[in-house]
Amino acid sequence: MKKWNLVVDVAECTNCNNCFIACKDEYVGNEFPGYSAPQPLHGHKWINILKKERGRYPTVDVAYVPTMCNHCDDAPCVKQGNGAVIKRSDGIVIIDPDKAVNRKDIVASCPYGAIWWNDEYKVPQIWSFDAHLIDHGWQQPRCVQTCPTGALKAIKVTDAEMGEIAKSEGLEALRPEFNTKPRVLYKNLHLFNKVFVAGEVLATVDGVIDCLSEAAVELHSQGKLLASARTDEFGEFKIDGLSPRAGACELRVSHTGLDPISITLSIEEESVVLNALMMSR
Amino acid sequence: MIFSFALWALAAILRLYAWRSTELLGTMSRKDFVAQIRVKDGSRGRWYRFTGGKLRSGAGIHPQADVVIQFKNAHLGWQILMNMSSGMFDFAYVVLKPFLDPLLLTNAAKNFAFEITGPDDLTLHFTTILNTLLTTHWKQGVRLASGEIRYVNQTNGGPVFVHVKEGKIVRITNMEFDDTDAGPWSIEARGKVFTPPRRTTISPHGLASKSIVYSNKRLLHPLKRVDFDPNGERNPQNRGKSGYVRISWDEALDITANEIKRVRRQHGHGAILNSHGSHHTWGNIGYYLSANIRFMNSIGHTKMVLNPDSWEGWFWGALHHFGYTMRMGTVEPYGQVEDCLKEAELIVYWASDPESSCGSYAAYEGTVRRQWARQLGIDVVHIDPYKNETASWLGGKWIPIIPGTGPALAHAIAHVWITEDLYDRFYIENRTTGFAVFRDYILGVEDGIPKSAEWQQSETGVQAHVVRALARMWAKKKTYLAAGGKGTGFGGANRSATGAQWARGMVCLMAMQGWGRPGVNFGNLTTGAPLDMQFYFPGYADGGISGDMEGTGDSVQNYQRMPHLPSINTSTQKIPRLRIPEALLEGKAVGYPTDPKSLEGQFTPFAYPAPGHSPIRMMYKYGGSHFGTTMESNRLARAYQTEDLEFVVNQSIWNEGEARFADVILPACTNFERTDISEWGSAGGYGHHNFNQLNHRVITLQHKCIEPLGESKSDFQIFLELSKRLGLSAYFAEAKTEIQWCREQFLSSDLAKAVSWKAFMKKGYYVVPPEHDPKNRAPTSMRWFYEGRKKDVPDPSPLPSEYGETYLDGLQTQSGKFEFEASSLKRFGQDPERPPVNRYIASWEGRSSGEIFVRYPLQLLTPHPRFSFHTLGDGKDSILNDIEEHRVLIDGHYYWVARINSADAARRGIENHDLVKLFNDRGAVICAAAVTERLIPGVVHSAESSAEYQPMGEPGSSPDIGGCVNILTPSRFMTAKTSGSAPNSCLIEMVKFHPGGRAQ
């Protein structure tokens, strides 16, 4: 049985908001009986793009994470709905706009906060994978159709095939600890939930300070090598994908003909930025 | 005989179609009258009497005909009737085509061999009946399995499919092509083959069109200011303050037409100013450069001169080194996509954020190409005060720079190249002049100050070692310079006091690296795609139906292909757009022209008022609001309240911004509510081959998807109604409706050879096949110059007289070479701020401004907005308001976003999404703070072009909550001898704002 999945590549999202706009365009002012009541003009974000800046000026990056109903296989909303929320055989979760009237309780059942309460129609609402379009032969939901970078991909495969794809591409759930078996999986999520250690290495040559390229950078923790990198033309390095709260680490920088340097640092909640590491003979 | 038969047949067909078409019957039922068609000498003719929708007809001449259509002779009459009816049936057109003469009607009309006489409302009514007969069976749109009809339309952000059910727009999507549409091009680079997807992309403001169409800010009825009485008290001092009362279309049009007549009689030539925005809709017919100009030329108007506001530094500066005046000093856009992918090793993005600015109207077409470049391992560097979206997405080194200091960095890069011998000496010797003078300036031979990496450090904030690393990497690798959003020009850095210096610096750097060498060029993959450059379809500035030979590109192609009456504005009076307030308040203004013909055209100033002309007494405002795009915008509010301005009419779609300063408001509809025709991204005369930013050329019939909302009318229809009151309707419309003008554009283009009108009209779009064969593609920009050959790219500029010796040989400069010391500026010699050799002169408003900088220590950057386009899409209670990078909802109001570095915010006690007041001596704007690490300290980043202007108190002198940050920017021109805007040279302070009105 082939089922729908959505893959979100965090590295490819530029926050253009086309997915958000397409979702608004599709549901605001439109009623799709059996699928969805109209979405309010303002306030609801059925597709909600989270933002996270890491590091500090000027060594900073930003991750955008489109989130939406995860169409979980073990969905708390389906249990809570008691018939008002259905899980279709193609994996899509639908909150029945008629049966779910006045069921505000369903909103709180979602640990992801992906269910929105519509005050006008008194119904809980989600992004339904555009099931009404899929059922009319659309090959992909609108957020995918309009995404300029391919950050969003809709894949209809068997669960076994999806498992293989998830493994080979390193896909993960946004919050695996919720244990809801989401059908929306993320790639490059480390840009959002991990931290980096980055810095700039300089050297003085003939009395002039210059960027030092090709310096070897190693990050050690409790005597073990965690990761390594090389500096680029601007003397910069970035070691990414580190777990927050990793604790005390040692950064070693070496370069042929220069005295190696070592810095102890502590990785807490935020990324670590090291400015102007000077190497000399 | 055949003429008499045709007249008889007309009556028969009218009766038959009135029976079949409720539209035609409805039109015929509207008025009772008698029409006569005849030859001049009265020897042949037929009359048609309409009574309650019924038609009676008889041969001969009616003694009391209300409307008379008269031909010089029967032969001409037959020919014209055949020509006019040729579009009625598609199959007939194929048969009739050899007998048709598109020039016939125009020529006959010009010589009064074909005349329509009678009261304008009846002549127009009769031609409407005939036009309805001809077009009533034309079908638009494709029925889908879902029962919806799929229409096609075009926006500033890309072409769209519009799904409509029961007269209501259900959804608007980007296009996915079908199997019958032309396939895409491919580029082979470094062993890989790259092919763009078979779809169109779309910008946020295009995708949000439905919410913009159904906005609760739509003007649904004509309005009159409550305290405006054209026959009594006009109360101009209350403009912007008073409310409005609904009036009928007849009253609104009568007031407007009477005011046009009155000011012309009472004050004389030039008394009417046509002020218009750009790009609030899309389409070649209902456009500011089409229907608007045609009407304004018909009544005579003082022209508003546009400054090159996205090109400033390139136009006033860069072009003096290398020419390209027709492109406003930006670079010819050919072949860069293929060359960059095949050859380049580094792309330096300098004030360039294509993922936000989307080229010009080009949506995300370049995005996939930037992904290919990343796949190929082409390095990237970003120079920008803000770590913009492109930089954040692509990664690579971000070099934050203090706004306005780019030229100092450029000089320092040149210094590294000169001192380390990292430039193309052969090119310098053989393709350029004046390098020695430039070199001496850079080395400090003349002033004792070497423009070294260390020298620029305190100006730019970029550390010397970073400059050296950048300069070395740039010279070592084959480098594309992405200057500005499109990569080939534009860019926020050129819209400042040092904008001309910056753009000059950019071209000088490129010349040092052998500009035109494989892999060495301008671009960021936004433009220069391998499309068909020869397939002709008119762009938006090719004149449309304007007939305007001076302000549009009509004369270049469209006028030769689509016979139509020319229109000429007989008034020579002009006002620079950014000096409208001074013209109204002080009665005088001086501007420098945006003359694209030569390097020297921009040196001759023009003054308002023109000798012997009337000062402005009436303003006809058309299109989007100017508050958001006018520097020091409060000036405009004050100007509106002057008594000297006796009448203001505003033809607008939404009730926002400037509309609230009008005496009479005429409600126009959007391009989803009328029929139009256009090509995606095609600017015609405003940017030759502008469409080659796209992956696919898409020409669209912009279907009338829904009926106009409320009582709103198309711009064409409004102008036609006014024309009727001025006796101009036959001249204005040439007896054609909008859809018939669409067909004229279709027939005039190469599209008519590729697809039938009927099929095109139904499907609504056509994809022009690209150049599949690499040998047929346009050569790479400037390669000809690098190799010392004649120009070989399909760029018709510069004009022949601009070549010094032999046609197509060399650049447009006096020497024909790249001039480091610009001979045009040297000869001009009157602008110390633009010396012949580019020199660093610190901004007149910036960190070295002394006392002002102490009071206002933050530099304000106002780039083009990411989610809206000009004022389109912003405000209007649209869904774009819900995007937190655009506006933030605080206490029930959507505030404009102003970004600030976390350290600057902390110092001021400002937290994310606090309300803040941005202010200086020019005014104050209340915004929502967005605290970020992605911005250089000392800078506030807040886009220009808000649609709203909402003063909290007295317009023109109270804080604004609409987000009109241009209230704060200086109206001073870039340099004294230009009309270049410089909004990015602006100092402000920001404080936390407490809604009680008390800022602490």
Side-chain angles (χ1 to χ4, degrees), chain A residues 11-18 20-30 39 41-45 49 51 53-64 132-133 136-137 139-140 142 145-151 200 202-203 208-213 232-236 238 273 276, chain B residues 144-146 168 170-174 176 199 201-204 207-211 214 355-356 363-364 367-368 371 379 381 387 389-390 392-393 395 397-400 463-466 468-470 472-473 866-867 877 879-886 889 901-903 932-937:
Chain A
E12 293 295 347
C13 180
T14 66
N15 197 36
C16 78
N17 271 273
N18 270 6
F20 168 78
I21 296 165
C23 176
K24 282 264 171 198
D25 180 70
E26 186 62 31
Y27 294 98
V28 171
N30 287 335
Q39 181 180 160
L41 176 61
H42 295 302
H44 281 209
K45 294 187 172 181
I49 305 169
K51 181 172 93 170
E53 283 185 4
R54 302 188 304 165
R56 57 185 163 78
Y57 174 85
T59 309
V60 57
D61 64 17
V62 61
Y64 300 109
H132 60 291
L133 298 176
H136 263 112
Q139 301 300 305
Q140 53 191 2
R142 291 196 55 191
Q145 181 197 41
T146 197
C147 177
T149 61
E200 179 192 39
L202 307 176
V208 178
I209 298 169
D210 263 322
C211 304
L212 185 66
S213 62
D232 63 15
E233 280 95 338
F234 292 96
E236 293 187 332
K238 184 176 187 178
V273 175
Chain B
L144 301 175
S146 60
K168 190 171 158 285
V170 177
R171 69 180 62 84
I172 292 179
T173 74
N174 51 312
E176 283 171 327
R199 64 161 187 178
T201 53
I202 181 136
S203 292
L207 192 57
S209 292
K210 188 179 88 176
S211 79
Y214 291 118
E355 297 308 324
S356 290
Y364 297 105
T367 301
V368 70
Q371 288 176 316
D379 283 327
V381 170
K387 185 160 185 183
E389 302 304 343
T390 308
S392 296
W393 175 51
K397 172 72 174 173
W398 172 41
I399 302 175
Q463 288 168 306
H465 59 261
V466 174
R468 279 191 294 273
L470 170 65
R472 288 166 189 159
M473 187 181 182
R866 185 181 192 202
F867 298 103
D877 202 29
I879 54 179
L880 296 177
N881 284 347
D882 285 279
I883 297 171
E884 279 192 357
E885 298 283 327
H886 185 69
L889 181 65
N901 177 280
S902 60
T932 180
E933 296 294 322
R934 294 161 62 191
L935 187 60
I936 190 169

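Predicted, not measured: the structure shown is a model, and the values here were computed from it.
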Study note, to complete from the structure: Given B:Glu355, B:Glu176, B:Gln463, the one with more heavy-atom pairs under 4.5 angstrom with chain A than any other is B:Glu176

Study note, to complete from the structure: One option among A:Arg54, A:His44, A:His136 has the most heavy-atom pairs under 4.5 Å with chain B, and it is A:His136

**Study point:** chain B contact via A:Leu202 - which portion, at a heavy-atom distance below 4.5 Å
**Key:** side chain

Exercise for review: Below 4.5 Å from any heavy atom of chain B, which atoms of A:Gln39 appear? Answer side chain, backbone, both or neither.
Suggested key: neither

Practice item. Return the minimal non-hydrogen interatomic distance between A:Glu233 and B:Asp379, and the atom names on each side. Key: OE2-OD2, 4.4 Å

Review point. Is there a donor in the side chain of A:Thr149 and an acceptor in the side chain of B:Gln371, or the other way round, less than 3.5 Å apart?
Key: no

Review point. In terms of side-chain geometry, is the basic nitrogen of B:Asp882 or A:Lys45 positioned less than 4.0 Å from the acidic oxygen of its partner?
Key: no

Point to revise | Region of B:Phe867 that comes under 4.5 Å of a non-hydrogen atom in chain A | key: side chain

Point to revise | Ring centers of A:Tyr57, B:Trp398 separated by less than 6.0 Å | key: yes

Point to revise | Options B:Thr367, B:Thr201, B:Ile172, B:Leu470, ranked by heavy-atom pairs under 4.5 Å with chain A, top entry | key: B:Ile172

Revision key, fill the gap. Between the OG1 atom in B:Thr173 and the CD atom in A:Gln145, the distance rounded to the nearest 0.5 Å is 4.5 Å

Practice item. Tell me, for A:Glu200 versus chain B, whether the close heavy atoms (under 4.5 Å) come from the side chain, the backbone, both or neither. Key: side chain

Point to revise | A:Tyr27 portion near chain B, given a 4.5 angstrom heavy-atom threshold | key: neither

**Study point:** Spacing of B:Asp877 atom CG and A:Leu41 atom CG [to the nearest 0.5 Å]
**Key:** 5.0 Å

Practice item. For the pair B:Lys387 and A:Val60, evaluate side-chain contact (heavy atoms from CB on, under 4.5 Å) and give the outcome as yes or no after the intermediate values. Key: CA-CA 8 Å; B:Lys387 185 160 185 183; A:Val60 57; 4.2 Å; yes

Point to revise | When B:Leu935, B:Thr932, B:Asn901 are compared by non-hydrogen pairs under 4.5 Å with chain A, the top option | key: B:Thr932

Point to revise | Minimum-distance pair of heavy atoms, taken over all atoms of B:Val466 and A:Phe234 | key: O-CE2, 3.8 Å

Check your understanding: Which atoms form the tightest heavy-atom contact between A:Ile209 and B:Arg468, and what is the distance?
Key -> O-NH2, 2.7 Å

**Study point:** Residue part contacting chain B, namely of A:Arg142, when any heavy atom lies under 4.5 Å
**Key:** side chain

**Study point:** Region of A:Ala63 that comes under 4.5 Å of a non-hydrogen atom in chain B
**Key:** neither

Revision key, fill the gap. To the nearest 0.5 Å, atom CD of B:Glu933 lies from atom CG of A:Asp61 at 11.5 Å

Practice item. Check step by step if side-chain contact (heavy atoms from CB on, under 4.5 Å) holds for B:Arg934 and A:Val62. Key: CA-CA 9 Å; B:Arg934 294 161 62 191; A:Val62 61; 3.7 Å; yes

Exercise for review: Answer with side chain, backbone, both or neither: which region of A:Glu236 has an atom nearer than 4.5 Å to a non-hydrogen atom of chain B?
Suggested key: side chain

Practice item. Calculate, to the nearest 0.5 Å, the distance between atoms NZ and SG belonging to B:Lys397 and A:Cys211 respectively. Key: 6.5 Å

Review point. Atom CG of A:Asn18 and atom CG of B:Asn174: how far apart are they, to the nearest 0.5 Å?
Key: 7.5 Å

Exercise for review: Identify the heavy atoms of B:Val170 and A:Asn30 that sit nearest to each other, and give their distance.
Suggested key: O-ND2, 2.7 Å

Point to revise | Charged N-O contact under 4.0 Å between A:Lys51 and B:Glu884 | key: no

Practice item. Evaluate the side-chain contact (heavy atoms from CB on, under 4.5 Å) criterion for residues B:Arg171 and A:Leu133: first the C-alpha distance (whole Å), next the side-chain angles of each, then the deciding distance (0.1 Å), finally the verdict. Key: CA-CA 11 Å; B:Arg171 69 180 62 84; A:Leu133 298 176; 3.3 Å; yes

**Study point:** Evaluation steps, side-chain contact (heavy atoms from CB on, under 4.5 Å), between A:Ile21 and B:Ile883
**Key:** CA-CA 9 Å; A:Ile21 296 165; B:Ile883 297 171; 4.0 Å; yes

**Study point:** Interchain contact, B:Ile936 with chain A, by part (heavy-atom threshold 4.5 Å)
**Key:** both

Check your understanding: Does the side chain of A:Tyr64 come under 3.5 Å of the side chain of B:Glu389 through a donor N or O and an acceptor N or O?
Key -> yes

Exercise for review: Of all the heavy-atom pairs spanning B:Pro204 and A:Cys16, show the shortest one and how long it is.
Suggested key: CG-O, 3.5 Å

Revision key, fill the gap. All heavy atoms of B:Lys210 vs all of A:Asp25, minimum pair found to be NZ-O, 2.6 Å

